[in-house]
Each structure stands twice: as C-alpha cells, then as structure tokens.
Amino acid sequence: MAASRINVMARSFSSTSVAQQMVKPPVQVFGVEGRYATALYSAAHKQKSLDVVEKDLIKFQGLMKTDKKLTEFVKDPSIKRKVKAEAFRAISKSFSPATVNLLSLMAENGRLDKVNQVINAFKLIMAADRGEVVCEVITAKPLDADLKGKLEAALKSSVKSGQNIQLTTRVDPSIVGGMIVSIGDKYVDMSVASKIKKYTDVLKQAV
C-alpha cells in the first residue's frame, strides 16, 4: 500500500499517460529511503522544481538539527500520523508542493523516522544529476594532505569522464584501521574492524 502511494506522489503533478510514467533518476538508490527519494525526484522533475526541492530539504534538515520542538514532533510516536500530516500540509507557504507532499506522505505512512535518510538519498540523486559523484571516506585516523590527494586521484579515475568527485572524509576510530568508501550508490568496506568480525564469525562456526 505504501509503495503505491509513493508512486501516486510521483504522478500527482501530471495528467497525461506519458507524463505519468516515473522519471528515472541518474543514479539508483535503494531501500525505503530510495523509493521515497526516487518518487520525489520524478515528481519534482515533472514540476521543474528540482533545485527548489533540494533547497527545501537542506533547509528542513538544518531545522531538524536546530529546532528541538520540530525534532520532537517528528520523532514523537504518540502523535497521530494524521495530525503530523496535517501539520506539514499547513506549511505549504514555506516549502514547494513536492516537498510538502513528501513530508505529509511520510507522516501518513509512519516513515518520518527515515526523513534524514530520504533527504540524503535525494541529495545523492541531485549530485548525480549535476554530474557529481558524492564520495565519503571513513578512516580510523585523519588523512594527511598527501594521502588524501592520492585517494582523490584514485577515486577520480574510477568515475566516468565528465563526472566530478565530491569527496568528504570522516574519522571513526571504531573501524580500527583501513577505510570504508561510499562512492555514489556503491559501498566498499576495507576496514580492519570488518575483517576482524569476518574472522571472528569463521572461528565461531568452527568451534
């Protein structure tokens, strides 16, 4: 039921049978957040409001970090879905129709806990739409300038001609060593922590 309602969102700004077809995003994103982000991209593309929607979502994501009342409202399971949906419809003057439609639909479906993931998935799609490839590298220790430069060069060689790498780095001591690389919709775990877990699992099975 939820999936069909997401598809309705994507078709809601169109009337002809051709226009009602989903607009395929430049990069595939998966999971619940991927379905919402893809439907939003399709709807906003037809409405010619992609840039506006992206700005809306970045603004909303920022508000979620600074406005405690908004965060509590979004996360509070005791507030009825219908009440949350109506609240988001009431902010139609602050955001574009596609953005309001997304938030109210997620509220109705009880999926507001995924709103940050949906926004990040949409940003990933928009980056690909601009010919950018979003890449995040997680390491146990900060990368020095030389290693970061070599890593960025290696990543650039792995993307298509004309695409630009948008690299961000993050430190997570829990991975122990090595690195975890997310590039576009691909994910490669080369951390020491993942290898330790793999070997531990093998040992457990052998006992």
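Applying the salt bridge (Lys or Arg N to Asp or Glu O under 4.0 Å) test to residues at least two apart or on different chains, the pairs with a partner in residues 137-148 are Asp146-Lys150. Screening residues 120-139 for salt bridge (Lys or Arg N to Asp or Glu O under 4.0 Å) gives Glu54-Arg130, Arg130-Glu132, Glu136-Arg170 as the qualifying pairs, with residues at least two apart or on separate chains. Among residues at least two apart or in separate chains, there is no salt bridge (Lys or Arg N to Asp or Glu O under 4.0 Å) pair with a member in residues 160-169.
Under the 3.5 Å distance criterion, the side-chain polar atoms of Ser42 are left unmatched by any main-chain donor or acceptor of Met22. Panel note: side chain Lys82, backbone Ala107; no donor-acceptor pair is recorded below 3.5 Å. Judged by distance alone, the side chain of Lys84 and the main-chain N or O of Ser104 form no donor-acceptor pair under 3.5 Å.
A cation-pi arrangement, defined by a distance under 6.0 Å to the six-membered ring centre and an angle within 45 degrees of its axis, is present between Lys59 and Phe95.
Taking Lys197 as the reference, Asp201 meet the salt bridge (Lys or Arg N to Asp or Glu O under 4.0 Å) condition, with sequence neighbours excluded.
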Item to complete: Apply side-chain contact (heavy atoms from CB on, under 4.5 Å) to Tyr36 and Val115, showing your working.
Response: CA-CA 9 Å; Tyr36 278 101; Val115 69; over 6 Å; no
Discussion item. Please determine whether side-chain contact (heavy atoms from CB on, under 4.5 Å) holds for the pair Leu147 and Leu151, giving the CA-CA distance in whole Å, both sets of side-chain angles, and the decisive distance to 0.1 Å.
Written reply: CA-CA 6 Å; Leu147 185 55; Leu151 178 61; 5.5 Å; no
Fill in: Candidate pair Leu103 and Phe60, rule side-chain contact (heavy atoms from CB on, under 4.5 Å), full reasoning
CA-CA 10 Å; Leu103 295 173; Phe60 185 80; 4.1 Å; yes
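Note on Leu167: it does not cluster hydrophobically with Leu124, by side-chain heavy-atom contacts below 4.5 Å among ILVMFWY residues. Under the 4.5 Å side-chain heavy-atom criterion for Ile, Leu, Val, Met, Phe, Trp and Tyr, Met126 and Val133 are members of distinct hydrophobic clusters. Hydrophobic clustering keeps Ile125 apart from Val52 (ILVMFWY residues linked when any side-chain heavy atoms are closer than 4.5 Å, directly or through intermediates). In the hydrophobic clustering of ILVMFWY residues, with side-chain heavy atoms under 4.5 Å counting as a link, Tyr187 and Met190 come out apart. The same ILVMFWY cluster, assembled from side-chain heavy atoms under 4.5 Å apart, contains both Val188 and Leu143.
Taking each heavy atom of Ser191 and Ser194 in turn, the nearest pair found is O-OG, 2.8 Å. Scanning all heavy atoms of the two residues, the minimum distance from Ala87 to Phe73 falls at CB-CZ, 3.6 Å. In terms of heavy-atom proximity, Ala128 sits nearest to Val27 at CB-CG1, 3.7 Å. Between Lys24 and Tyr41, the shortest heavy-atom distance links the atoms O-CE2, 3.9 Å. Considering every non-hydrogen atom in both Leu70 and Asp67, the closest pair reads N-OD1, 3.1 Å. In plain terms, the two heavy atoms of Val118 and Ala37 that are nearest each other are O-CB, 3.9 Å.
Remark: the Glu33 side chain and the Asn116 side chain contain no N/O donor-acceptor pair separated by less than 3.5 Å.
Atoms CG and OG, on Asn101 and Ser92 in that order, are 11.5 Å from each other to the nearest 0.5 Å. Atom NZ in Lys46 sits 8.0 Å away from atom CD in Gln21 (nearest 0.5 Å). Note: Ser158 OG to Gln163 CD = 9.0 Å, rounded to the nearest 0.5 Å.
Looking at heavy atoms from C-beta onward, Lys75 lies out of side-chain contact with Asp113 at the 4.5 angstrom threshold. Counting heavy atoms from C-beta on, the side chains of Leu57 and Leu40 come closer than 4.5 Å. Residues Phe122 and Ile119 fail the side-chain proximity criterion, which asks for heavy atoms closer than 4.5 Å. Using a 4.5 Å cut-off on side-chain heavy atoms (C-beta onward), Val137 and Leu155 make contact. The side-chain heavy atoms of Thr38 and Val29, taken from C-beta on, include a pair separated by under 4.5 Å. Residues Asn120 and Gln61 meet the side-chain proximity criterion, which asks for heavy atoms closer than 4.5 Å.
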Please tabulate, for the side chains in residues 173-183, all donor-acceptor contacts under 3.5 angstrom to protein atoms that are two or more places apart in sequence or on a different chain.
| unit_1 | atom_1 | unit_2 | atom_2 | d |
| --- | --- | --- | --- | --- |
| Ser174 | OG | Asp172 | OD1 | 2.6 |
| Ser174 | OG | Asp172 | OD2 | 3.1 |

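Under a 4.5 Å side-chain heavy-atom cut-off, the cluster of Ile, Leu, Val, Met, Phe, Trp and Tyr residues that includes Val171 has no other member.
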